[in-house]
Amino acid sequence: MSSGEPGPGAPQGDPADLRLWDVRKTFPGGAVAVESVDLRFPAGELTALLGPSGCGKTTLLRMIAGLESPSFGRIELGGEDITDLPAHKRRFGMVFQNFALFPHLTVAENVAYSLAIEGVAKPKRRARAEELLDLVQLPGYGARRIGELSGGQRQRVAIARALAQEPSVFLLDEPMSALDAKLREEMQVELRLLQQRLGITTVVVTHDQREAMTMADRIVVMSNGRAEQVGPPQEVYQRPANRFVAGFIGKANFLSGTADRGEVLLATGARLSVAPAANFRDGAPVQVACRPEWTFLASEPGANTLAGRVAFVRDIGQVREIHVETPAGPQVCELPFSSPARPRLGDAVHLFLPPELIRVFPAQDRAEAA
Amino acid sequence: MTAARPQASGGRRPGFGAVQALLGLVLAALCVAPFAIVLVVSFGQVVEGASWRWALSLENYLRFFVGLEWPASTSFLYLQKLWWTLVYAGLAAVIAVAFAFPFTWLTTRQSRRIQTVWLVFLLSSLSLSEVFVVMGWDVLLSNRSGLPMVFRETGLTDWLQSVGWFDTLRDWGMATPRNVRFKTSVFATVLTMSYLVFPYAVILLYPALSRLDPAMLEAARTMGARPFTVIRTVVLPAARLPLTGAALLLFVYLLGAYVVVSVFADPARQTLTITIYESVRGATLNAPFGAAQAVILLLTAGGFLLASLRLSRLAEAKA
């Protein structure tokens, strides 16, 4: 169904971009998977759809691929409405979570499948398959069976296969989830380099924030079928739009309080200055978020400090994590391993929350309310 | 401290092995004994008056391949019966699988609930005996009250005559000078046999087709394959083994079809099952010759199974 004409507040950008206008998806039975999503996927960029399981990111990707029809809204590529265009006519390259390689074909036949469908002559297909296998660093693997490949090799074949038809948009649905941790990290870098080399508009679905941060030019954080925040990885990390994003991307300490003359008055009576001043009406319930690496140990009590007692300490590679029980609730502080401060279990400490690094949100945001 | 040694039989009690072996022996005896008796009888000699005696004679086998009067004259009557046995079973098995494949494929695309309804329906249709099915088709295809009447009353017969196809049907033995005729014919025999095994074909194909990874089909679609191309290039190759297996199983099952052939096949084109029955219990009363035919039928089926196994292994090795 095509509707959702671009409105006045519609996102602007390159005419070659992939755009979603008010895209919604409700499954038979009434389950709402995607709720009114307006997004722009800039041409040549890699965008990550990031969110927890069931947030609608895969459904959104499948609608882009043409494997699901939106219940409402419009999908455009380069200004052309492709909402009702079937998947086989869109021909977006797609890598599936389980790679979905054809076990009855060899590696080269898998890679050249789209070319065979197009009716490209066999020698040309073979040459293109070899070229793509070189690109994904699998030269000489063309004659092998899929069953003979490792997980990482299968992923490369799936990527090569999706790129064979020179797609205008490259879609990847949790492409790293079947790989072990080490290989996943390697492939994230490789995939990003490949995408940059080819300059292809790419959309990656992932629930792994580290993966999204590593690969993406822009991240779309999704929750309950909505896009909660869209922006470059650092912006999303440094300036989360709401409590859900602050909690989902990286770690955060949360404190409850009320807004009071641009500051936050905690339930314990302590006041926290915020810079710039929190823009809430006085008395409005708010949540304060501060990341563990932005929470410091203070030598003595003062402004924006919380008194507490060390409840747990652990060393995680480069950082030492200090868990502190405060009257306002448990807080975590991360210190560089080289830091001279070495608090021990039971020590009384003071935590300093820098005003410029504190984020304040309404007590209950949309994602939580849902 | 010495660690306890794990039991070789994966933790089973020792008595289990003995019980399993005993059950195996009983099953083997039950399978082998009837076949051994038939094999022995096939080398026996008929005694006038409906009996036979032990012997080690190849007379029955010779009669099957070259006739009773050999070497004075040669008859291939029973080889022809074997040929028709293979033709009916082969055609019906292939047709049943050919129809079952799209049906099963479309069923697996439905919701779980609709799939269950279809499977229950098919399973319940299996409870119909061969006799019941044949009776139904006998009425349906009978010249006086079945489809031929429908052809005549609806003007289809006239239309066939007007377009010239009626003569073709007559050449095939499927029409009298006045109307179409389905009984007795190869068509009616194969049609009823296919109908008989269609539910089996669906049930044999269903597990493989329902387990097919939907992502593979979607991957093909994103690479430009239209729905029919997806079936041709992904589903059919992936289901090649189950399709071959189902066709083979049904073929071997249909080699023993009796009632269908006795009702629908032209007497000159009947199968070994008919002549075996006639030899053992029917008019001719020649148990050794009946046994020889049964052994040949069994060996033929075995030969086909072995050949298919070899072919599928070759195909796998090639793949």
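In what follows, every chain begins at residue 1, and chains take the letters A, B, ... in the order their sequences are listed.
Open room surrounds OH on B:Y195; 12 or fewer heavy atoms of other groups in view lie less than 6.0 Å from it. Crowding of B:W118 atom CH2: a count of heavy atoms from other residues, nucleotides or ligands under 6.0 Å not exceeding 12. The local environment of CZ in B:F121 is sparse, with at most 12 non-hydrogen atoms from other residues, nucleotides or ligands closer than 6.0 Å. The number of heavy-atom neighbours closer than 6.0 Å to OH of B:Y258, taken from other residues, nucleotides and ligands shown, is above 12.
Interface remark: of the candidates A:R62, A:H88, A:R161, A:H88 forms the most heavy-atom pairs closer than 4.5 Å to chain B. With chain A as partner, the option from B:L217, B:T222, B:V234 having the largest number of non-hydrogen pairs under 4.5 angstrom is B:T222. For the set A:A65, A:G93, A:S114, A:P86, the count of heavy-atom pairs under 4.5 angstrom toward chain B peaks at A:S114.
Side-chain N or O atoms of A:H104 include none that pairs as donor or acceptor with a backbone N or O of B:V235 at under 3.5 Å.
How far CD of A:E68 is from CD of B:E218: 7.5 Å, rounded to the nearest 0.5 Å. The distance from atom CG of A:N110 to atom CE of B:M223, rounded to the nearest 0.5 Å, is 7.5 Å.
The nearest pair of heavy atoms linking B:M216 to A:F102 is O-CE2, 3.3 Å. In this structure, A:Q165 and B:G224 approach most closely via the heavy-atom pair OE1-N, 4.5 Å. Contact record, A:Y113 with B:T233: OH-OG1, 2.5 Å, taken as the closest heavy-atom pair.
A:R91 touches chain B through backbone and side chain together, each having a heavy atom under 4.5 Å away. A:L101 touches chain B through its backbone: at least one of N, CA, C or O sits under 4.5 Å from a heavy atom, while the side chain does not.
Inter-residue side-chain proximity for A:K89 and B:R226 is flagged as met; some heavy-atom pair is nearer than 4.5 Å.
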